[in-house]
Structures are given as structure tokens and as C-alpha cells.
Number of protein chains: 2
Amino acid sequence: MTRTDGIRVAGSTVILTLRPSALGTPALALPLVRRTREPFADRWALPGGWIAPDESPIDTAARTLAETTGLTPSYLEQLYAFGAVDRSPTRVISIVYWALLRQDEVLAQSAAHRASGRAPENVEWFDVDALPELAFDHADIIEYALWRLRSKVGYSRVAHGFLPSEFTLADLREAYEAILGRQLDPANFRRQVEATGNLIPTDRFRTGSHRPARLYRDNTDVELAARGPLGPEETSIR
Amino acid sequence: MTRTDGIRVAGSTVILTLRPSALGTPALALPLVRRTREPFADRWALPGGWIAPDESPIDTAARTLAETTGLTPSYLEQLYAFGAVDRSPTRVISIVYWALLRQDEVLAQSAAHRASGRAPENVEWFDVDALPELAFDHADIIEYALWRLRSKVGYSRVAHGFLPSEFTLADLREAYEAILGRQLDPANFRRQVEATGNLIPTDRFRTGSHRPARLYRDNTDVELAARGPLGPEETSIR
DNA sequence: TCAAAAGTGTTGTCCTTACACCCATGC
DNA sequence: GCATGGGTGTAAGGACAACACTTTTGA
């Protein structure tokens with residue numbers, strides 16, 4: 001009755017960050033991996049791998065994320081288990097996670113890779129609105145991850161996962177604007193985020209342009225998003 | 001490179017309905033199955049089974065739901081993929097769904113089972129606040145499903161999944177109250193659900209107690225819950 | 001001095017809540 | 001009649017959007 005049913009289980013992750021665009025405003029971007037084998041050889045795909053026998057799905061996600069980017073995510077949550085029979089030539093169920101990376105860490109890591117000349121092979125970053133053709137159902141998966149991010153930004157603090165430890169309210173507002181794809185009123189935005197009580201003002205300011213802007217820190221006592229009754233081993237938040 | 005890694009994939013479903021309680025108000029209830037083998041022999045567990053090689057996870061959920069209850073759900077959505085290494089003595093990843101059944105269909109089916117004397121074996125219904133000891137991590141899973149239901153009732157129409165095709169506003173309000181565990185103001189509730197435009201008033205009334213109450217139908221053009229970009233094959237709604 | 005972003009104030013609209021009140025039926 | 005739930009009216013309070021306005025810097 002123990003069935004060897006030939007279903008293999010993979011883990012993949014939609015890894016999102018913000019990076020400066022041509023206009024100076026940040027834009028959503030993600031790393032993809034060029035496949036070296038069939039099926040879909042040479043196509044771009046989400047980072048991922050097989051779930052090892054002694055590995056929880058979230059650990060597979062964190063492991064392949066580190067292999068791809070060298071980084072630890074600021075937010076990591078299960079997105080969905082994709083298991084349609086025809087989504088791959090062989091039967092594969094993919095447990096997909098989505099992750100956020102802080103933009104400063106991505107930039108520092110890219111600089112380190114350039115300096116050392118030892119960047120991960122076959123990894124490239126793409127703006128989410130200029131994606132290449134993707135393997136399997138990965139285009140649908142990314143679309144769903146973006147939908148989830150855009151939904152969740154409205155009722156949680158996931159946008160903070162993109163920012164460094166100290167940031168201005170303009171930084172935070174630009175992150176929201178990049179995610180939502182529309183402008184927000186700076187005055188109202190300020191009051192709304194201040195009212196949450198999750199921002200700690202520092203006595204430091206960012207100068208350089210016009211009137212100096214106060215720097216804030218996150219209140220790390222509060223999670224970026226409510227997880228419900230799932231324990232911390234099932235969602236990982238730094 | 002094709003790994004036979006020994007991970008088996010199961011599908012389980014948290015099947016919820018409302019049934020009249022001692023006080024006359026409806027209460028959330030779900031069917032459990034008594035296990036006949038180790039591990040956890042004789043313990044109660046969620047209905048489920050192995051995902052067949054040619055079967056999508058949602059089809060496993062729908063199939064085992066039908067085997068357990070003889071019914072088709074009014075709402076069926078993926079809950080979460082549980083895959084912690086130690087959640088079972090052998091390595092099992094469970095892709096769990098949650099489903100809603102209309103209370104009238106459950107009552108009719110129970111009556112049919114009693115009449116024919118051929119009810120499904122080892123299946124029993126429990127109120128969600130009086131659950132027995134459960135196998136595996138199924139208690140956590142049910143808790144998470146209830147959290148999801150309670151969250152989702154606030155921004156979608158999932159509560160309608162419990163009701164028959166025609167219902168009064170009091171029926172609908174009692175469903176909300178049973179899910180949320182608190183009383184709602186009938187006057188304000190009426191205005192809120194009428195404002196959504198998702199209710200179609202009929203010209204029929206329910207008599208029998210005091211002033212007759214108008215019967216409403218659902219606007220079936222509108223889904224019970226927004227699914228985002230996931231296609232209809234990934235969530236199933238009747 | 002000027003442009004531009006930081007930050008504050010003010011107002012109107014919409015939504016929610018609380019609760020008073022009337023309506024229609026069974027008993 | 002009267003108890004009870006069905007159904008309407010209304011006013012207070014809060015959240016939110018729009019936008020005028022002041023402050024503070026670099027150039």
C-alpha cells in the first residue's frame with residue numbers, strides 16, 4: 001500500500017527586490033536562472049530545486065535562494081503548491097515560495113560579485129515588467145506572486161522588507177508606489193504609516209538634496225505580516 | 001538524475017459546514033475519519049488520500065471529499081502545503097484544501113444515509129470547538145483553516161457557500177455570526193450586504209414566525225472570493 | 001532668491017457604528 | 001394586545017483623499 005507513485009516534489013521561489021530604474025524611481029526586479037537541460041533548455045526559470053528527503057519545503061526555498069543570490073531574505077512565505085498534471089512533461093509538484101530582499105543587500109552583493117569576478121552562473125536579474133519567455137508555468141507563478149504582493153501591501157508591512165534598516169518616509173513611499181504602480185500623496189502617506197506605530201523615528205537625517213528628511217527604523221517587535229496560527233517554522237521572517 | 005527521493009504527496013481537506021446547535025444558532029462543524037492503520041490508528045484525521053499520478057491536487061481533494069461526504073463543495077480552495085520533515089513518521093507532504101458545504105445538502109445527505117442505512121464508514125461530524133484528539137498535525141491545520149475562513153469572511157462572500165440557493169438576511173447574518181463568533185447589528189448588516197449588489201431579492205418570503213422575511217438569491221455572476229490570476233482549474237467554485 | 005522636497009493643517013466625503021423607531025406577523 | 005424579529009431612519013465618529021500651506025535645505 002506504500003505507493004511509489006513517481007511524483008517528484010520541487011521547491012521554487014519568486015525572489016523580489018527593488019532596484020533603481022532609469023527614471024530614478026525604484027522598480028520591482030527578480031532573479032531568474034537559465035536552464036541548462038531539457039525540458040525548456042536555455043529558457044529562464046525560477047530558482048529552485050528538488051526538496052531533499054530531510055529538508056522542509058521552506059528550507060529548500062531558503063537554500064536555493066542563497067545559492068542563487070548569496071543572500072538571506074527579509075521575508076519568506078509560501079505562495080502556492082502548483083501541481084497540475086500537465087505543468088511539466090514529467091509529474092512534478094512545485095511548492096513555491098515568495099521572498100523579499102533588501103535593496104541595499106542586493107546592490108552590495110552585486111558589487112561584491114563584480115569585484116571578485118565570481119558571480120553565480122546563469123543568473124540574471126529582470127524587471128518584472130520586462131520578463132523573458134519562461135519555462136513551465138513560471139510566468140503564471142510570477143504573476144500570482146506579484147498579485148499576492150500587491151494585495152498584501154495593503155494590509156501588512158511587507159514593503160518594509162525591501163528597505164534597509166534606516167530609511168526615510170520617501171523611501172518607504174516609493175517602495176509602496178513601485179509595488180502598487182501608482183503615486184501616493186506624501187502627506188497622507190506620512191500620517192497613515194505614523195499612525196500604525198510601527199515606525200521608530202531616529203534623530204538622524206538624510207541630507208544632500210533639499211530639506212533633510214528624518215530617518216526611521218522598523219519596530220522589529222512587530223512582524224511584517226500576520227501569519228495566523230502557522231508557527232515560525234512554517235514562515236520565516238528576519 | 002531522476003531522483004526517487006521517497007517523499008510521498010497526500011491531499012487532505014478541511015470540510016466545513018454549518019449545522020444547527022443546541023441553542024438554535026448554527027455552529028461550524030466538520031467531518032473527520034477514524035484511522036484504521038498506524039500511525040495514529042483509531043485517532044481521528046482529516047479526510048484525504050494519496051495524490052494519484054494522473055491527478056491534480058485539487059482533484060484529490062474533491063475526490064476524497066466526495067468519498068467522505070457524498071457531496072460536491074460550494075467552495076474549494078488550497079489552504080497550504082504542509083511539509084515539515086517530522087510531521088509524520090514517514091516523509092509525507094500534504095497539500096491541504098479547505099471546502100465549504102451548503103448546510104441543506106449536508107442535512108439531506110445525512111437523512112439519506114440514515115434512510116438507506118449505508119453511511120460512509122468511520123466518518124463522524126464534530127463541532128469545531130469540540131474536536132477530538134487528532135492525528136499528525138491535523139489540529140494545527142484545522143486551526144489554520146478556521147483562521148483563513150474568519151479572515152476571508154471579512155473581505156469576500158465565502159459565507160454564502162454555507163447557504164442554500166434561497167435564504168433570508170437573517171440566515172446570512174447568522175452564518176457570519178457563527179464564523180466570526182460575535183453578534184452583528186441586523187440593521188447595519190442588511191445595509192452592508194445590500195450595498196454590495198451581490199444579492200438578488202426574490203418576491204418570495206419565509207413565513208412561520210413573526211413578520212415574514214424576504215428571500216434572496218446569490219448573484220452567481222460574482223465569485224465567492226477573488227482568486228487573483230490563478231485560473232479556474234486551480235480553484236474550484238460552484 | 002528660487003525650486004523642490006519635508007512636513008503640517010484643514011476640509012469634505014464616505015463608511016461604520018450605535019441605537020431609536022416603525023412594520024407585520026403568530027399567538 | 002403584545003412579543004418578536006423584519007426592516008428603515010439618523011446622527012456621531014473615524015478613516016481617507018484632496019489640497020493649501022509652511023519649513024528647510026541646495027544651488
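In what follows, chains carry the letters A, B, and so on, assigned in the order in which the sequence lines appear, proteins first and then strands, with residues in each chain numbered from 1.
With sequence neighbours excluded, the residues forming a side-chain contact (heavy atoms from CB on, under 4.5 Å) with A:Ser156 are A:Lys152, A:Val158, A:Ala225, listed by chain and number. Looking at residues two or more places apart in sequence or on another chain, you find no side chain to side chain donor-acceptor pair (under 3.5 Å) involving B:His138. In terms of the salt bridge (Lys or Arg N to Asp or Glu O under 4.0 Å) criterion, residue partners of B:Asp127 (sequence neighbours excluded) are, by chain and number, B:Arg19. For the side-chain contact (heavy atoms from CB on, under 4.5 Å) test, no residue two or more places apart in sequence or in another chain qualifies with B:Pro20. A:Trp125 is linked by a ring pair (Phe, Tyr, Trp, His ring centres under 6.0 Å) to nothing, counting only residues two or more places apart in sequence or in another chain.
Taking 4.0 Å as the cutoff to heavy atoms of chain A, we find the contact window on DNA chain C bounded by C:dA4 to C:dT10.
Between B:Tyr144 and B:Trp98, the gap from one ring centroid to the other reaches at least 6.0 Å.
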With the criterion being N/O to N/O and under 3.5 Å, what pairs connect the protein with nucleotides 23-27 of chain D, and how long is each?
from: D:dT23; atom 1: O2; to: A:Arg211; atom 2: NH1; distance (Å): 2.7
from: D:dG26; atom 1: O4'; to: A:Ser209; atom 2: O; distance (Å): 2.8

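Within a heavy-atom distance below 4.0 Å of DNA chain D, no residue of residues 159-177 of chain A is found. Sorted by residue number, the members of residues 180-201 of chain B with any non-hydrogen atom under 4.0 Å from DNA chain D read B:Ala187, B:Arg190, B:Arg191.
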Side chains of residues 180-188 of chain A: which donor-acceptor partners sit under 3.5 Å, not counting sequence neighbours?
from: A:Asp185; atom 1: OD1; to: A:Ala187; atom 2: N; distance (Å): 2.7
from: A:Asp185; atom 1: OD1; to: A:Asn188; atom 2: N; distance (Å): 3.1
from: A:Asn188; atom 1: OD1; to: A:Arg191; atom 2: NH2; distance (Å): 2.9

Residues 206-213 of chain A side chain polar contacts: donor-acceptor under 3.5 Å, at least two apart:
from: A:Arg206; atom 1: NH1; to: A:Asp171; atom 2: OD1; distance (Å): 3.2
from: A:Arg206; atom 1: NH1; to: A:Asp171; atom 2: OD2; distance (Å): 3.1
from: A:Arg206; atom 1: NH2; to: A:Asp171; atom 2: OD2; distance (Å): 3.0

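In this structure, the side chain of A:Asn219 engages the main chain of A:Asp221 through a donor-acceptor pair within 3.5 Å. Using a distance-only test at 3.5 Å, with no hydrogens or angles considered, a donor-acceptor pair links the side chain of B:Gln109 to the main chain of B:Thr69.
Salt bridge annotation for B:Glu124-B:Arg34: absent, with no cationic side-chain nitrogen under 4.0 angstrom from a carboxylate oxygen.
Sorted by first then second residue, the ring pair (Phe, Tyr, Trp, His ring centres under 6.0 Å) pairs that include residues 163-188 of chain A, not counting sequence neighbours, are A:His160-A:Phe167, A:Tyr176-A:Phe189.
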